[in-house]
Amino acid sequence: MAKRVLVVDDEKLIVKGIRFSLEQDGMEVDAAYDGEEAIEAVRKNTYDVILLDVMLPKMTGFEVCQQIREFSEVPIIMLTAKGDDMDKILGLEYGADDYITKPFNILEVKARIKAIIRRSGKKESVEEAVNTVADYDGLRVDIDGRLVFIDNNEVNLTAKEFELLELLMKHSGKVYSREQLLDEIWGKSYPGGVRTVDVHIRRLREKIEKSPSEPKYIHTKWGVGYYFKG
C-alpha cells in the first residue's frame, strides 16, 4: 500500500518539487498551503508522515504541530529556513519528531521520510506476538496497538515518544546514554544533538509520570543517561 505524505508549505514551487520527487518513489502526496488547511486535512485523512514548514500564513508551524498533537500522533518533520537551534528545539517541544533546515537536498528529505515511516511502522516478531501488552503498576503499554494508558486513561504519545518508552521498557534497568538513545531511535546518520533526547524524555515524563520531577518509570542516571524501572 502506497505511503501517504502531507506537505505543508506556502511556497508552491517547493511543494511542487517535493510532490514530484516523492511521487516518483510511489508515494501519495497531498498539499496544504496554510495552517488551517493542514489541520483540516489531518482531521479528514490518514497520513504516514507530515512535512510541516515553520513559517505559514494564519498559523505558525509550531501552532499547527501543537494542535495536531491534540488528536494525532502522526510523525511530523518540521521544515525551517533558519539554522537557529532554538527553532529546532521549539519544534521538538511542540511535538515534532524530526526537523530539516532549508535549503535542503531532496534526497535527504526522501531519506528522512523513509526512515521515519520505517521506524514508526508496527514491529512484528514472534516475541512481540507472545506478549504485546505490558503492565507496570498503573502504566499499561500495548505494543502492537501502540497504545499507552495511565490508570486506564489513554495517553497520546508521538511516534518518537512511544519508541523511546518501548525501548527503555523492553530493557528495564539498563541505562542508555543519550548518544545511544539518539542512535537507536533517530539513527546514526541523524544530524541533531543529544538535546533532542532530553526534550523527548521530558515530554514523555510529563505525559506518563504523576510527578515528572520525581519520576516513577523513566529515571535519570546522573552523568550517564536514562533507564526504565517498572
Side-chain angles (χ1 to χ4, degrees), residues 3-23 27-106 108-110 112-113 115-117 119-120 146 154-164 186 190-193 195-196 198-207:
K3 300 302 181 181
R4 193 172 186 184
V5 179
L6 175 65
V7 181
V8 187
D9 198 312
D10 62 328
E11 297 185 54
K12 294 189 176 182
L13 284 178
I14 289 179
V15 174
K16 183 178 180 180
I18 294 175
R19 184 201 294 272
F20 175 81
S21 187
L22 296 183
E23 288 179 344
M27 299 184 191
E28 295 181 3
V29 182
D30 290 348
Y33 301 101
D34 63 56
E36 293 177 357
E37 187 179 356
I39 293 171
E40 183 179 1
V42 180
R43 288 190 183 278
K44 290 182 178 179
N45 305 290
T46 300
Y47 295 102
D48 294 285
V49 66
I50 298 172
L51 288 179
L52 176 61
D53 190 34
V54 170
M55 303 301 292
L56 292 170
K58 300 182 181 179
M59 304 169 64
T60 69
F62 300 132
E63 293 170 322
V64 175
C65 182
Q66 186 177 37
Q67 288 199 28
I68 288 175
R69 281 290 170 255
E70 293 176 359
F71 64 88
S72 173
E73 59 180 58
V74 57
I76 296 174
I77 301 176
M78 302 293 294
L79 301 176
T80 173
K82 301 177 181 178
D84 189 352
D85 284 342
M86 185 53 64
D87 263 7
K88 300 170 185 176
I89 292 171
L90 273 175
L92 298 175
E93 292 279 8
Y94 280 107
D97 296 279
D98 202 350
Y99 56 82
I100 298 175
T101 303
K102 292 181 177 180
F104 49 74
N105 185 315
I106 190 61
E108 178 190 4
V109 174
K110 290 164 69 172
R112 297 278 195 94
I113 289 174
I116 207 167
I117 288 175
R119 290 195 299 267
S120 64
R146 297 179 71 83
E154 186 174 354
V155 179
N156 186 25
L157 300 186
T158 67
K160 286 292 184 293
E161 290 164 0
F162 185 89
E163 289 168 23
L164 271 173
W186 283 268
Y190 184 70
R195 173 70 172 141
T196 299
D198 295 334
V199 170
H200 280 77
I201 289 289
R202 185 172 70 252
R203 285 212 323 261
L204 180 57
R205 281 174 170 164
E206 289 171 351
K207 292 180 179 181

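These values consider heavy atoms only, across backbone and side chains, with no hydrogens, waters or symmetry-generated copies.
A donor-acceptor pair under 3.5 Å is absent between the side-chain atoms of D98 and the main chain of M78, judged by distance alone.
A salt bridge links R69 and D97; the closest N-O separation between the charged side-chain nitrogens and carboxylate oxygens is under 4.0 Å. Comment: E161 engages K207 in a salt bridge, judged by a side-chain N to carboxylate O separation of less than 4.0 angstrom. Taking a cutoff of 4.0 Å between a charged side-chain nitrogen and a carboxylate oxygen, R112 and E108 qualify as a salt bridge. The residues K16 and D9 are annotated as not salt-bridged, no charged nitrogen and carboxylate oxygen being separated by less than 4.0 angstrom. The existence of a salt bridge linking R4 and D48 is excluded, since no basic side-chain nitrogen approaches an acidic carboxylate oxygen closer than 4.0 Å.
The two residues P57 and Y33 come nearest to each other via the heavy atoms CD-O, 3.6 Å. The two atoms that bring T158 and G95 nearest to each other are CG2-O, 3.6 Å, heavy atoms only. P75 approaches I116 most closely through the heavy-atom pair CB-CD1, 3.8 Å.
Here E11 contributes atom CD and K102 contributes atom NZ; the two are 4.5 Å apart, rounded to the nearest 0.5 Å. One finds the CG atom of L204 at 6.5 Å from the CG atom of L164 (value rounded to the nearest 0.5 Å). Taken to the nearest 0.5 Å, the SG atom of C65 stands 10.5 Å off from the CE atom of M59. For the atom pair CG (L79) and CD1 (I14), the distance works out to 8.0 Å, reported to the nearest 0.5 Å. Here the CD1-CG distance, from I100 to L52, works out to 12.0 Å after rounding to the nearest 0.5 Å. In this structure, D34 CG and D53 CG are separated by 12.0 Å, a value rounded to the nearest 0.5 Å.
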Note to self: Determine whether Y47 and V49 satisfy the following criterion, side-chain contact (heavy atoms from CB on, under 4.5 Å), listing intermediate values before the conclusion.
What the structure shows: CA-CA 5 Å; Y47 295 102; V49 66; over 6 Å; no

Checklist line | Worked check of side-chain contact (heavy atoms from CB on, under 4.5 Å) between I77 and Y99 | finding: CA-CA 5 Å; I77 301 176; Y99 56 82; 5.6 Å; no

Note to self: Apply side-chain contact (heavy atoms from CB on, under 4.5 Å) to residues L13 and V15 and explain how you reach the verdict.
What the structure shows: CA-CA 5 Å; L13 284 178; V15 174; over 6 Å; no

Check: Between L51 and V109, does a side-chain contact (heavy atoms from CB on, under 4.5 Å) hold up when you go through it step by step?
Finding: CA-CA 9 Å; L51 288 179; V109 174; 3.8 Å; yes

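Checked against salt bridge (charged side-chain N to carboxylate O under 4.0 Å, His left out), E63 has no partners two or more places apart in sequence or in another chain. Annotation: side chain to side chain donor-acceptor pair (under 3.5 Å) contacts of D10 (sequence neighbours excluded): none.
Within the cation-pi definition used here (under 6.0 Å to the ring centroid, within 45° of the axis), R43 qualifies as a partner of F71.
Below 30°, between 30° and 60°, or above 60°: for W186 and H200 the angle between ring planes is above 60°, a perpendicular geometry.
Considering only heavy atoms from C-beta on, T60 stays 4.5 Å or farther from M55 through its side chain. Side-chain atoms of I50 and V5, non-hydrogen and from C-beta on, never get closer than 4.5 Å to each other. Between R19 and V7 the shortest side-chain heavy-atom distance does not fall below 4.5 Å. Two residues are said to be in side-chain contact when any heavy atoms from C-beta on lie closer than 4.5 Å; E40 and E37 fail this criterion. Between I39 and V64 the shortest side-chain heavy-atom distance falls below 4.5 Å. Here the side chains of E206 and R202 are in contact, with some heavy-atom distance below 4.5 Å.
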